[in-house]
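Because the structure is predicted, anything quoted here is derived from the model rather than measured.
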Amino acid sequence: MDSGPEELMPRLLPVGDCDLPDDFDPSVPPRTPQEYLRRVQLEAARCPDVVIAQIDPKKLRKKQTVSIALSGCQPAPEGYSPSLRWQQQQVAQFSAVRQSLNKHRSHWRSQPLDSNVTMPNTEDEESWKKFCLGERLYCDLAAALNSENQNPGIDYIKVGFPPLLSIVSRMSQATVTSVLEYLVNWFAERDFTPELGRWLYALLACLEKPLLPEAHSLIRQLARRCSQVRAGVERKDDERISALNLFICLVGRYFEQRDLADCSEPS
């Protein structure tokens, strides 16, 4: 009994036996409907029963299933939690920044970059970390200190490029999400710094809503890490507190991750 592929599934368009010329050649373009349908049958019969995909693991590195942790933020130590009014003010200001950025994006994208600015490729994680944070942070401190004394000007290669509108306006959503991932992962193993903070704020301002699952997971990871760092701060006058509170606020209240937001009574 013939067990060809046409016998395994019901035919959508049943084709009976058709009279084909003796010189029928399936390798040339069909000239009649019968020749076309017969050619389809022959091609299907040549298909292997089992096909094994050749997968490049490198291409899957950025395309893994996104898992969203359900754990919330660590509660703020006593006296560190911002008031509800402060949080509302930050959300309003952040919303105004996003609206302004969207309104003027085309203008800033058309502005030429300075000659010393070369934006890395989206997938170049190490170059983006150097670009945003500078070689001083990327290489863990010391290299830039002596050379700074010799060169009084700002060396953005060492201190990192600021998230200028002419830069962030050129970033696609794929690039915004990728760079956010690079910096959030960096932050997961290191302390908070002003260089990191200014880029995180700019990238959040560029994220389009509704969030993609990957971006949703990243901002939650960011808020949890901010709460973790905040829980370890020993002094209330530590300048990191305000910035950490801000990111928890934006994730929890602007991006509506309510379970991560600080709960405070109105003041």
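- Here the side chain of Ser227 pairs no donor or acceptor atom with the backbone of Cys73 at under 3.5 angstrom.
- Distance check: Thr175 OG1 to Leu180 CG gives 12.0 Å after rounding to the nearest 0.5 Å.
- Thr122 and Ser178 are not linked by any side-chain donor-acceptor pair at a separation below 3.5 angstrom, with hydrogens and angles left out of the test.
- Taking the ring axis of Phe187 as reference, the NZ or CZ atom of Arg225 stays within 45° of it and closer than 6.0 Å to the ring centre.
- Trp108 contributes no side-chain N or O that, together with a main-chain N or O of Ile167, makes up a donor-acceptor pair within less than 3.5 Å.
- Side chain of Gln257 to main chain of Phe255: a donor-acceptor pair is present (N/O by atom type, distance under 3.5 Å, no hydrogens or angles).
- Taking the centre and axis of the six-membered ring of Tyr254, the NZ or CZ atom of Lys209 falls inside the cone set by 45° and 6.0 Å.
- When Arg105, Gln99, Arg98, His104 are each tested for a side chain to side chain donor-acceptor pair (under 3.5 Å) with Asn102, only one passes: Arg105.
- Rounding to the nearest 0.5 Å places CD of Glu214 at 5.0 Å from CD of Glu181.
- Of the possible polar contacts, none joining the Thr177 side chain to the Ala174 backbone as a donor-acceptor pair under 3.5 Å is found.
- No donor-acceptor pair closer than 3.5 Å links the side chain of Asp114 to the backbone N or O of Val117.
- Geometrically, Arg190 engages Trp186 in a cation-pi contact defined by less than 6.0 Å to the ring centre and at most 45° from the axis.
- The backbone N or O of Pro194 sits nowhere less than 3.5 Å from a side-chain atom of Arg198 that would complete a donor-acceptor pair.
- Side-chain atoms of Gln173 come within 3.5 Å of backbone N or O of Cys206 as a donor-acceptor pair.
- A donor-acceptor contact shorter than 3.5 Å links the side chain of Tyr80 to the backbone of Val233.
- Side-chain atoms of Ser169 come within 3.5 Å of backbone N or O of Leu165 as a donor-acceptor pair.
- Taking the charged nitrogens against the carboxylate oxygens, Asp238 and Arg230 have no contact shorter than 4.0 Å, which rules out a salt bridge.
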Go through it in stages, so that I can follow the logic: the residues are Lys129 and Asp124, the test is salt bridge (Lys or Arg N to Asp or Glu O under 4.0 Å), and I'd like the CA-CA distance, side-chain angles, deciding distance and then a yes or no. CA-CA 9 Å; Lys129 288 188 290 193; Asp124 192 344; over 6 Å; no

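- In the hydrophobic clustering, Ile248 connects to no other residue, as no ILVMFWY side-chain heavy atoms lie under 4.5 Å from its own.
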